[in-house]
Amino acid sequence: MGQGDSFFEQVYELVRGIPEGRVLTYGQVAGLLGVPQGARAVGWALHGLTSKREHRVPWHRVVAAGGCISLPAGAGGRRQRERLRAEGVGFKRGRVDLARHGLEP
DNA sequence: CAAGTGACGTAGA
DNA sequence: GTCTACGCCACTT
């Protein structure tokens with residue numbers, strides 16, 4: 001996989017640009033890339049990072065619609081929740097408070 | 001070239 | 001509030 005600009009790389013770059021304490025949804029990332037219906041592809045792109053060791057991509061800042069974590073606890077969902085909380089992101093009944101950490105509160 | 005897959009999204013019941 | 005069904009995209013084999 002050494003392609004230069006695949007859709008995946010675009011996702012990585014965009015996610016990499018998410019400031020701390022900010023959270024985006026798959027649909028938003030896809031929309032920013034020009035493919036509002038590509039939420040699935042975005043999720044898949046991040047899925048590859050879970051197994052990667054050096055990525056520098058704050059994938060934990062990307063959650064499903066509504067701010068809910070779709071990741072299984074064993075796949076890193078647990079880590080995502082902890083990381084977000086460590087960045088000051090507040091949780092609302094198991095969901096991220098998009099109203100305070102969304103793209104533009 | 002075709003089919004299958006997956007960390008989604010929305011709508012309806 | 002819960003669950004089901006369909007549609008969409010990009011990548012792999």
Expected string for nucleotides 7-13 of chain B under the B/S/- scheme (protein heavy atoms, under 4.0 Å, primed atoms plus P, OP1, OP2 as sugar-phosphate) is BBSS---

Value for CD (E82(A)) from CD (E87(A)), rounded to nearest 0.5 Å, stands at 12.0 Å

Sequence neighbours excluded, the answer for side chain to side chain donor-acceptor pair (under 3.5 Å) partners of E13(A) is none

Does [Y] offer a backbone N or O that forms a donor-acceptor pair with the side chain of [X] under 3.5 Å?
X: R61(A); Y: V23(A); answer: no
X: Q28(A); Y: V62(A); answer: no
X: Y12(A); Y: A45(A); answer: yes

